[in-house]
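Step one of this worksheet: look at the structure below.
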Protein chains: 2
Amino acid sequence: MSADDLHHSVGARLREAEQQYTANRRAVVAVLAAARTPLTLPEILRADRSLAQSSAYRSLAVLVDAGVVHRLVHGNDYAHYELAEQLTQHHHHLVCDGCGTVVDVTLPTRVESAMDRSFEQAASRHGFTASRHSIDIHGLCTECR
Amino acid sequence: MSADDLHHSVGARLREAEQQYTANRRAVVAVLAAARTPLTLPEILRADRSLAQSSAYRSLAVLVDAGVVHRLVHGNDYAHYELAEQLTQHHHHLVCDGCGTVVDVTLPTRVESAMDRSFEQAASRHGFTASRHSIDIHGLCTECR
DNA sequence: TTGCTTGCAAATGATTTGCACTGCT
DNA sequence: AGCAGTGCAAATCATTTGCAAGCAA
């Protein structure tokens, strides 16, 4: 997806949520789109020095609420943020237990659909209605090996 | 596993970690073993009024460190704690997006091994060494439907 | 003008830690 | 005696929020 298309989609989705697509929010989206991994707040601020911390948090809250951005929590440190799957593609996370780095991975469609079927069954067995799943594969990255 | 066996295993594991199995730690393990779902700290304190908050946190830290207890983080509120899989069985989590409740679910062995194979491939493609995985199935529970 | 957004500084709240005391070993 | 564990209260730190100023509709 081109940068134009991306901002267009995000703008549309924000309007649906009765929110404006302001310069600050656009800047946050641009930083996340440029990154190849989910970013923490300090990383976002470092990538665009013009952003104020509280405004970045507020922009992210709006974007998360509108379903444009996803918030990942893996411990007690900073949360990681990334563009929602509708804007990129369905994927999961490789989490390094050494340094906390998070990397996106995709799985074969065959595996995904087999998992989905299995998850739905498991959920309904407990009276849940499953809507989505997220998988964290923990291990060590090249650096921490 | 009987309560005796459980405490015996936990004691052994703590000794390996050069830690004592004190009354407080035993109490925390007993509360977690009695629960059928992962518990938050307030829930643990409510289940055993004799525990002090800071001591409960400290006991949990030791138990997590020794690999006896697992800590689950799903948002900004309290983390959930449960006995580690070695003491129960390998499972995943059903997370209610409405009230935050977490329930354990198990998946068919066939599905688990298919996933494991797929995860290892995905990890190695990114230079990671995968050691374990955790799956959160999000949706709504009966109450929040 | 009316209301949403922003930035600063201050508040919040889950978790951690300093310290003095208790209890094993 | 010496060291680990405990409980209270205070500290920490990611995140949220109050408020005054800026900006858009």
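Note that the coordinates shown come from a computational prediction; the quantities given were computed from them, not determined experimentally. First the proteins, then the strands, lettered A, B, ... as listed; each starts at 1.
- What separates CZ of B:Arg15 from P of C:dT25 is a distance of 11 Å, to the nearest Å.
- Atom CG in B:Leu45 sits roughly 11 Å away from atom P in C:dT15 (whole-Å rounding).
- A:Asp97 and B:Arg132 are joined by a salt bridge, as a carboxylate oxygen and a charged side-chain nitrogen come within less than 4.0 angstrom of each other.
- Residue-level contact check: A:Ser55 touches the bases, meaning some heavy atom is under 4.0 Å from a base atom.
- A distance-only check finds no donor-acceptor pair linking the side chain of B:Glu120 to the backbone of B:Arg117 [under 3.5 Å].
- Side-chain N or O atoms of B:Arg25 include one that pairs as donor or acceptor with a backbone N or O of B:Gln20 at under 3.5 Å.
- When the nucleotides C:dG7, C:dT6, D:dA14 are ranked by their closest atom to the side chain of A:Tyr78, D:dA14 comes out on top.
- A:Ala79 comes within 4.0 angstrom of the backbone, heavy atoms only, and of no base.
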*asked:* Would B:Tyr81 and B:His70 count as a ring pair (Phe, Tyr, Trp, His ring centres under 6.0 Å) here? Give the steps.
replied: CA-CA 6 Å; B:Tyr81 298 89; B:His70 224 91; over 10 Å; no
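- B:Gln19 comes within contact range of the sugar-phosphate backbone alone, with a heavy-atom separation under 4.0 Å but no base atom that close.
- For the pair A:Asn24 and C:dT6, the criterion of a side-chain N or O lying under 4.0 Å from OP1 or OP2 is met.
- Each of B:Arg25 and B:Asn76 has a nearest nucleotide on DNA chain D; the 5'-most of these lies closest to B:Arg25.
- Put simply, CG on B:Leu14 is 14 Å from C1' on D:dA4, counting in whole angstrom units.
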Set out, line by line, the N/O atom pairs under 3.5 Å between protein and nucleotides 17-25 of chain D.
{"unit_1": "D:dG18", "atom_1": "O6", "unit_2": "A:Arg58", "atom_2": "NH2", "d": "2.9"}

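- A donor and an acceptor atom, one from each side chain of B:His90 and B:Glu112, are located under 3.5 Å apart.
- Relative orientation of the A:Phe119 and A:His133 rings is perpendicular, given thresholds of 30° and 60° on the angle between their planes.
- For A:Leu51 and C:dT5, the CG to C1' distance is 13 Å, given to the nearest whole Å.
- Atom NE2 in A:His80 sits roughly 13 Å away from atom P in D:dA14 (whole-Å rounding).
- A straight line from CD of A:Gln53 to P of C:dC8 spans 11 Å, rounded to a whole angstrom.
- Ring-plane geometry between A:His74 and A:His80 is classed as tilted, the angle between the planes lying from 30 to 60 degrees on a 0 to 90 degree scale.
- Rounded to whole Å, the distance from CG on B:Leu63 to P on D:dT6 is 10 Å.
- One interatomic measurement links the two molecules: CG of B:Asp65 to C1' of C:dT15, which rounds to 16 Å at whole-angstrom precision.
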